[in-house]
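Written below as structure tokens is the structure these notes are about.
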Number of protein chains: 2
Amino acid sequence: MLSKKCKYAIHALVHMGKRPTEQFVVKDISEACNIPRKFLESILLELKRAGMLGSKQGKGGGYFLRRTPPEINLADVVRLFDGAIAAVPCASFKFYESCDECEDEDVCAVRDAFLQLRNATVEMLKADTLESLLKKEAILRTKKKR
Amino acid sequence: MLSKKCKYAIHALVHMGKRPTEQFVVKDISEACNIPRKFLESILLELKRAGMLGSKQGKGGGYFLRRTPPEINLADVVRLFDGAIAAVPCASFKFYESCDECEDEDVCAVRDAFLQLRNATVEMLKADTLESLLKKEAILRTKKKR
DNA sequence: TTTATTGTCTATAAACTAAATAGACTTTAT
DNA sequence: ATAAAGTCTATTTAGTTTATAGACAATAAA
């Protein structure tokens, strides 16, 4: 399961992706996405530190996307907030740690299975960009109307 | 990430799958897989309650597989110990819960993305049976020797 | 230059969960 | 009777997640 923080981050980003050149104040996003305001503040700050968002302080300020919608993908967001995508530390690339349960990692079928799952997952999450998500939402909307 | 409990359970099952008709005492599995003994006890008990293992009490007792290696798959084990396979409650079938961040679930692209990920994950984990894992391990072993 | 607005930062509370351990009890073969 | 094994309940410990409070800094506009 993703943390709420990560899920909130994704929804906030998707919301901003709808008008990718505009600036948003925390309150707007908080209300649009039903995310506790103070909690959202820290999330946006983290996204800013990671280079996905920019901000402008003071009156008339707010947050805005630093990258275009095709450049922001869920794999990056998930890694930022929840760390490893792999289900098991020994199957992670960016957050690798050896396990104690098998004698020889190179020959551990459990690890192999979770490596494959990790690879498939990363591919899918990388393909989920703000752009592709918003396109999909449009498709779902028209499908529902018919 | 899987809980350690779940990872331990998987390794214990794979270990038992190597001699699928034999009985194992907790200590043997604990030492073979480097799993804290008392912790493993509660895990095996849970696997028993779920019908995957049987047990015999008293001297000469132990745990044994209740199903054949092709009948035990990782999807079931993960669900038993960690609950939902989906990354987000609104994308889970067996542990569904609605989220608050979108107005209309039917049209939420975030949910859609995680539904697809869930489906792919479940398929992969279902294909990972004790049998297939042990076969894979044999293959990895011969590959390494060459 | 004051004021209102908005982001930044630090600290901390509250709730929950994971991981592990302890110990008493029960069952069974010998 | 005894030793070996699983069963069950409780509890500890530590860590994480989720959320909030409040002081501070920056900026635009009146």
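Letters go in sequence order (proteins before strands), and every chain restarts at 1.
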Hey, are [X] and [Y] close enough for a salt bridge, meaning a charged N less than 4.0 Å from a carboxylate O?
| X | Y | result |
| --- | --- | --- |
| Arg37(B) | Glu31(B) | no |
| Glu123(A) | Lys126(A) | no |
| Glu46(B) | Lys5(B) | yes |
| Asp104(B) | Lys144(A) | yes |

From the list dA29(C), dA19(C), dT18(D), which nucleotide is the closest neighbour of the side chain of Ser3(A)? dT18(D)

Among the nucleotides dA26(D), dT5(C), dG6(D), which one has an atom lying closest to any side-chain atom of Gln57(A)? dA26(D)

Checking Asp82(A) against Ser3(A): is there a side-chain donor and acceptor pair closer than 3.5 Å? yes

Indicate whether the side chain of Asp112(A) and that of Gln116(A) have a donor and an acceptor atom separated by less than 3.5 Å. yes

Which of residues 26-49 of chain A sit near DNA chain D, with a heavy atom under 4.0 Å from it?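 Heavy-atom cutoff 4.0 Å gives Pro36(A), Lys38(A), Phe39(A).
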
Write down the distance between [atom1] ([X]) and [atom2] ([N]), rounded to a whole number of angstrom.
| X | N | atom1 | atom2 | result |
| --- | --- | --- | --- | --- |
| Gln23(B) | dA4(D) | CD | P | 16 Å |
| Met1(A) | dA18(C) | CE | P | 12 Å |
| Lys7(A) | dT18(D) | NZ | C1' | 12 Å |
| Leu2(A) | dT17(D) | CG | P | 12 Å |
| Asp82(A) | dT17(D) | CG | C1' | 10 Å |
| Phe64(A) | dT6(C) | CZ | C1' | 14 Å |

By nearest heavy atom, map Lys5(A) and Gly60(A) onto DNA chain D; which one lands nearer the 5' end?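 Result of the comparison: Lys5(A).
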
Assign each of Lys4(A) and Phe24(B) to its nearest nucleotide of DNA chain D by heavy atoms, then name whichever residue's nucleotide is nearer the 5' end. Phe24(B)

Using a 4.0 Å heavy-atom cut-off across all strands, classify Phe81(B) as base, sugar-phosphate, or nothing.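 Nothing, no nucleic acid heavy atom in range.
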
OP1 or OP2 of dA28(D) less than 4.0 angstrom from a side-chain nitrogen or oxygen of Lys56(A), does that happen here?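 The answer is yes; a side-chain N or O of Lys56(A) sits under 4.0 Å from OP1 or OP2.
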
Is there a side-chain polar atom (N or O) of Tyr8(B) under 4.0 Å from OP1 or OP2 of dA19(C)? no

For the CG atom of Leu130(B) and the CG atom of Asp128(B), what is their distance to the nearest 0.5 Å?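 Output value for this atom pair is 10.0 Å.
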
